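Computed from a predicted structure; not experimentally measured. Numbers restart at 1 for each chain; the letters A, B, ... are given by sequence-line order, proteins then strands.
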Number of protein chains: 2
Amino acid sequence: MSTRRTGAVTMHEVAALAGVSIKTVSNVVNGYQYIRPATREKVEAAIAELGYQVNVSARNLRRGRTDLIGLAVPELSLPYFAELADSVIRAAEARGVTVLIEQTGSSRERELEVLSGQRRHLTDGLIFSPLALGQQDHDALQVDFPMVLLGERIFGGPADHVTMNNVEAARSATAHLLGLGRRRIAVIGAHEGEMMGSAALREKGYRQALEEAGVPFDPALLAEAGLWHRATGAEAMHRLLDAGVEIDAVFGLNDALALGALHALHARRIDVPGKIAVIGFDDIEETAYSSPTMSTVAPGREQIAQTAVDLLLARIADPDPDRPYQRVVADFTIVGRESTLGEGAPAQAAPLRTAS
Amino acid sequence: MSTRRTGAVTMHEVAALAGVSIKTVSNVVNGYQYIRPATREKVEAAIAELGYQVNVSARNLRRGRTDLIGLAVPELSLPYFAELADSVIRAAEARGVTVLIEQTGSSRERELEVLSGQRRHLTDGLIFSPLALGQQDHDALQVDFPMVLLGERIFGGPADHVTMNNVEAARSATAHLLGLGRRRIAVIGAHEGEMMGSAALREKGYRQALEEAGVPFDPALLAEAGLWHRATGAEAMHRLLDAGVEIDAVFGLNDALALGALHALHARRIDVPGKIAVIGFDDIEETAYSSPTMSTVAPGREQIAQTAVDLLLARIADPDPDRPYQRVVADFTIVGRESTLGEGAPAQAAPLRTAS
DNA sequence: TTGTAGGCGTTATCAG
DNA sequence: CTGATAACGCCTACAA
């Protein structure tokens, strides 16, 4: 039976068997340098014989630290967040810490819970990708534990940020479509009235690109979609088509929306990109395999994940609130595929990457 | 500053402020029933005033339990496992426990680590979806902590199992294609020489269906694919087509493989399902949005997740190894979509579900 | 280089 | 219904 289940083996027992003190066992377990080789061997033999493993709870209590960090995302069933979680877990692992994932389900209530819940006492810090929270929740964001925020939704607050340049990226995506001669570019996923969120920033970039190209902005081309899922993207696309708006391109504010739109266009037998070109945002793996393969904005997921973990660990190591909070802006690239470039476009093997 | 960062508030301080003993605070915190309302209020007021939160590490040490369960999966970037993790997290949450995800990267070494690693001392039990481990690792699976195994790869061993009827499900999927008049059905994702894994079982079901229909088995129709990713599925499809094998249908042993095959067929301008019909396995959300939408086997993910969590919690509550280990077989359904039924097929809104 | 003492914050026990 | 007290197993001093 288990060392844990049945009268767990403790350092005391190891010490007794090895004929040393408990402290020496602790030193061996923690890789303390100055131990006589003979002693070390005795202890290691005892550990092996008894199958001893440290009691993490006791260590955590004593150290006041768990080496566990939280990652709060809307849902793992959204591919972008699943891929992000994958990257964060790998980055954390490389640095010797473990990730505890929390799903907020995009609900404001759950996001507030994440900031105040019991689970904060199990982790040393939090990487938080909020969706529903906004400027109005400024107070709730005044947390007293190390936190790194992902995305540009929230400013201020005592937290480091890892963001991307949403405006610039959206401008590039739109410019990509404009450069291909498209003039009636629909936007799917707009959030009316929003000021700070990704939707607002990406719409802003879209408008900037139009303006630079001298193409008039037409509000009829904006389709709302609260949740950025495939289903809502498909619905929005159908609404636009039903409304009879003239369209020659679609900019999905994330890939799920764009893939939903692609699905809707397929269902209506509308040629992509012949009649309507489509571009998304996030570069989830699925975009390299859709039919047609889908152009998108690659936000540098690995860089975001690694930077977030590094910033968080630095903040955990030195939580001093007077140390300035950082804001890191990740790079992005435009990935051109069939949904905008047509059938001759490079396949997933060698995506055309337009540095921005 | 934080209750945690700076001299955390303890029960002692709460007790002092409320004018009660520390035990009474503990009782209030843990929802003990027999407390005078007046006392409870005093304590709650003190808790609120000081912003007290229990120290989870101390509680865990004392209780000898963390209310944390592990979930070991190959990779979250594989949609099936991301969706499974989502379901497991929800199921666990509903039962008051938290899930700690571990990625094994499908490597045998990492899978063995999961069974022996330090992290096992942080969790009360483990839900494990092994991929690389097999019958030869029988010894490593003789673990001394509560474990639930997902999938049919491993038998024996002191663990509860949640599996699906892979043979029967694959037989149904193949029968679905045969029922549509297909006779040259390729299989993508075969593992030559494997006896117990999903690949072997699903191939077995495929053969059974052929035999029942009186269609001869042709080894040339089997395409190997070690990793069940989109990329390997696409490669395998290309190999089959390059070999000039006559094919009128494809059975991808999981959805990623089938989606990769779909991608390859699209790249070669081969009509699906006109020329080749395609069916997958797993029913990931992506299959309802691909072009064409893809038929697949739905393995009852929610049921699997909930059952796994329930079995694990039962085993944690009563780890007695003499209590018989259970094996639960989840239900499945065949979801018919455009990739086999053609353009008139029901869309994702109302999938045709053939009960099996 | 190794040993001893004490406490991290909580919960269980058992009186009262 | 509430209080005092003793562990839970480890690690940080400090001493030897």
Nucleotide C:dA5, atom C1' - distance to NE2 of A:His12 in whole Å: 11 Å
Nearest-nucleotide 5' precedence on DNA chain D, B:Ala58 against B:Ser21: B:Ser21
Within-4.5 Å side-chain heavy-atom neighbours: A:Met147 and A:Leu141: yes
Whole-Å gap separating P (C:dA12) and CZ (B:Arg65): 9 Å
Touch class at under 4.0 angstrom, heavy-atom based, for B:Leu61 against every strand present: base
A:Leu76 side chain near B:Glu83 side chain, heavy-atom distance below 4.5 Å: no
N/O (side chain, B:Tyr32) to phosphate O (OP1/OP2, D:dG3) under 4.0 Å: no
Touch class at under 4.0 angstrom, heavy-atom based, for B:Asn60 against every strand present: nothing
Flag side-chain contact, heavy atom, 4.5 Å: B:Glu102 against A:Glu93: no
Option among B:Arg315, B:Arg323, B:Arg327 that satisfies the salt bridge (charged side-chain N to carboxylate O under 4.0 Å, His left out) test with B:Asp160: B:Arg315
Distance in angstrom units between A:Ile35 CD1 and C:dG3 C1', rounded: 13 Å
Gap between atoms CZ and P, on A:Arg40 and C:dT1 respectively (whole Å): 11 Å
Touch class at under 4.0 angstrom, heavy-atom based, for A:Val29 against every strand present: nothing
B:Tyr32 six-ring face occupied by B:Arg40 cation (under 6.0 Å, within 45°): no
Side chain of B:Arg59 - closest among C:dT11, D:dG9, C:dT1: C:dT11
Contact list (N/O, under 3.5 angstrom) for nucleotides 12-16 of chain D vs protein:
| unit_1 | atom_1 | unit_2 | atom_2 | d |
| --- | --- | --- | --- | --- |
| D:dT12 | O4' | A:Arg62 | NH2 | 3.3 |

A:Thr98, A:Asn60, A:Asp124 screened by side chain to side chain donor-acceptor pair (under 3.5 Å) with A:Thr66, the one that passes: A:Asp124
Protein-nucleotide distance (A:Ile22, atom CD1; D:dG9, atom P), rounded to Å: 10 Å
Non-hydrogen side-chain atoms of B:Val43 and B:Val25 separated by less than 4.5 Å: yes
Five-pair end axes of the helix from C:dT1-D:dA16 to C:dG16-D:dC1 and the angle they enclose, rounded to 10°: 30°
Sugar-phosphate, base or nothing in reach of A:Ser57, heavy atoms under 4.0 Å: nothing
B:Arg119 side chain near A:Val56 side chain, heavy-atom distance below 4.5 Å: no
Basic-acidic side-chain contact under 4.0 Å: A:Arg90, B:Glu75: yes
Phosphate-side-chain proximity, A:Thr24 and C:dG3, N/O vs OP1/OP2 below 4.0 Å: yes
Flag side-chain contact, heavy atom, 4.5 Å: A:Gln53 against A:Ile47: no
Separation of atom CD1 in A:Ile47 from atom P in D:dC10, rounded to whole Å: 10 Å
Closest listed nucleotide, where the reference is the side chain of A:Val20 and the choices are D:dG3, C:dG3, D:dC10: C:dG3
